[in-house]
Amino acid sequence: MSKIKSKIFGVGNKSFHQYIISDLVYGARKYLAKKRLSKKYMALSEITLSQIGYETTPSHFSRDFNIDFVVINQETTDLIVLIEIERVNINITATKQKIKECLQAIPSIEDAFIIYFDMNGKTYFERCLLENEVFVCKPVKIVKTTLGIPIKASLISVER
């Protein structure tokens, strides 16, 4: 990682972002296969809400959001897990608004997280939820979904 890390400059540090996404997809698919859940649940990355079957008109969402990582129920096409990945120390108001809108409009979401990464690849986690219809994001150290997918343990390409 140090060779890649030393070459990361500029907007978004896309390589860390993509490492995290690929780790999540790999970790989730491996876990789902091991637990014999891969016929029921599917892990996807960089996908819009409309691509997984959600009505994205202004009455439902402010726009057709692209989500960094999702797990969907293949039988019902319900979105179960939603994860966004962001760099530390940038304004993530739009990301939090996206997650809030998704939680308000999609009752099937069981887990929503933000994974933050810093310039050295260290990661931090927040669980986002609606508490009495109020949107909150809380830092967490143990990161597993309600399905049992080990989100934090899946990150093999970055420091945890």
Side-chain angles (χ1 to χ4, degrees), residues 1 4-5 7-28 42-73 77-147 149-160:
M1 182 58 98
I4 294 170
K5 179 174 65 174
K7 295 179 182 177
I8 296 176
F9 300 103
V11 179
N13 297 303
K14 290 291 187 184
S15 57
F16 272 140
H17 183 93
Q18 294 304 321
Y19 275 121
I20 292 169
I21 289 172
S22 65
D23 283 352
L24 291 172
V25 171
Y26 175 76
M42 179 185 297
L44 303 166
S45 64
E46 300 285 1
I47 193 158
T48 63
L49 291 174
S50 63
Q51 288 174 312
I52 54 177
Y54 286 93
E55 180 68 40
T56 57
T57 59
S59 62
H60 293 89
F61 298 96
S62 59
R63 62 190 169 98
D64 187 10
F65 294 122
N66 183 69
I67 310 295
D68 289 334
F69 174 85
V70 297
V71 175
I72 63 167
N73 180 321
T77 67
D78 287 338
L79 194 154
I80 307 297
V81 177
L82 175 152
I83 299 177
E84 286 294 310
I85 298 135
E86 296 294 347
R87 195 165 36 109
V88 170
N89 298 327
I90 63 165
N91 185 342
I92 66 158
T93 303
T95 298
K96 287 189 174 186
Q97 182 61 34
K98 175 196 313 188
I99 295 171
K100 178 182 177 182
E101 284 186 43
C102 288
L103 287 171
Q104 290 171 330
I106 305 172
S108 63
I109 297 174
E110 296 176 6
D111 297 294
F113 294 99
I114 300 173
I115 299 174
Y116 297 93
F117 64 92
D118 68 15
M119 297 304 286
N120 297 313
K122 177 102 172 123
T123 52
Y124 309 88
F125 306 86
E126 284 185 342
R127 178 182 293 276
C128 301
L129 56 145
L130 294 174
E131 288 184 344
N132 299 320
E133 298 184 32
V134 176
F135 179 72
V136 295
C137 292
K138 299 177 179 181
V140 292
K141 293 201 185 280
I142 298 173
V143 189
K144 271 188 164 182
T145 68
T146 53
L147 289 173
I149 299 169
I151 299 301
K152 187 173 182 179
S154 294
L155 302 182
I156 58 174
S157 296
V158 296
E159 185 181 338
R160 290 177 268 154

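Sequential numbering from 1 along the given sequence is applied to the chain's residues.
The shortest side-chain heavy-atom distance between V71 and I149 falls under the 4.5 Å cut-off. Here the side chains of Q104 and L130 are in contact, with some heavy-atom distance below 4.5 Å. With contacts defined as side-chain heavy-atom distances shorter than 4.5 Å, the pair L49/C102 qualifies. Between I52 and T77 there is no side-chain heavy-atom pair separated by less than 4.5 Å. Between I114 and C128 the shortest side-chain heavy-atom distance falls below 4.5 Å. F135 is listed as a side-chain neighbour of I99, based on a closest heavy-atom distance under 4.5 Å. A heavy-atom distance below 4.5 Å is not found between the side chains of F113 and L129. Taking the side chain as every heavy atom from C-beta outward, D68 and I83 never approach each other to under 4.5 Å.
With sequence neighbours excluded, the residues satisfying salt bridge (charged side-chain N to carboxylate O under 4.0 Å, His left out) with K96 are E126.
Here the closest non-hydrogen pair linking G27 and S154 is CA-OG, 3.4 Å. Taking each heavy atom of R87 and Y116 in turn, the nearest pair found is O-CD2, 4.4 Å. The heavy-atom pair separating N66 from E84 by the smallest distance is O-OE2, 3.7 Å. Considering every non-hydrogen atom in both E46 and Q51, the closest pair reads O-OE1, 4.5 Å.
Using cut-offs of 30° and 60° for the angle between ring planes, the Y19 and F16 rings count as tilted.
Distance check, rounded to the nearest 0.5 Å: SG of C137 to NZ of K100 gives 10.5 Å. In this structure, CD1 on I67 lies 4.5 Å from CG on L82, to the nearest 0.5 angstrom. If you take CG on L147 and CG on N73, they are separated by 9.0 Å, rounding to the nearest 0.5 Å. Note that NZ of K98 is 10.5 Å distant from CD1 of I92, once rounded to the nearest 0.5 Å. Residue D64 holds its CG atom at 10.0 Å from CD of E55, rounded to the nearest 0.5 Å. Atom CG of L24 is separated from atom CD1 of I85 by 5.5 Å, given to the nearest 0.5 angstrom.
Side-chain atoms of D111 never come within 3.5 Å of backbone atoms of V81 as a donor-acceptor pair (strictly under, hydrogens ignored). The main-chain N or O of L79 is found under 3.5 Å from a side-chain atom of S108 such that the two form a donor-acceptor pair. With hydrogens and angles ignored, the 3.5 Å screen pairs no side-chain donor or acceptor of N132 with any backbone N or O of V134.
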Q: Quick one: do D78 and Y54 satisfy side-chain contact (heavy atoms from CB on, under 4.5 Å)? Show the steps, please.
A: CA-CA 9 Å; D78 287 338; Y54 286 93; 4.3 Å; yes
Q: Could you walk me through whether I115 and V143 pass the side-chain contact (heavy atoms from CB on, under 4.5 Å) test, one step at a time?
A: CA-CA 10 Å; I115 299 174; V143 189; over 6 Å; no
Q.
Go through it in stages, so that I can follow the logic: the residues are F125 and L155, the test is side-chain contact (heavy atoms from CB on, under 4.5 Å), and I'd like the CA-CA distance, side-chain angles, deciding distance and then a yes or no.
A. CA-CA 12 Å; F125 306 86; L155 302 182; 3.7 Å; yes
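Judged as a salt bridge (Lys or Arg N to Asp or Glu O under 4.0 Å), the pairs with a partner in residues 134-145 (not counting sequence neighbours) are, in order, E131-K138.
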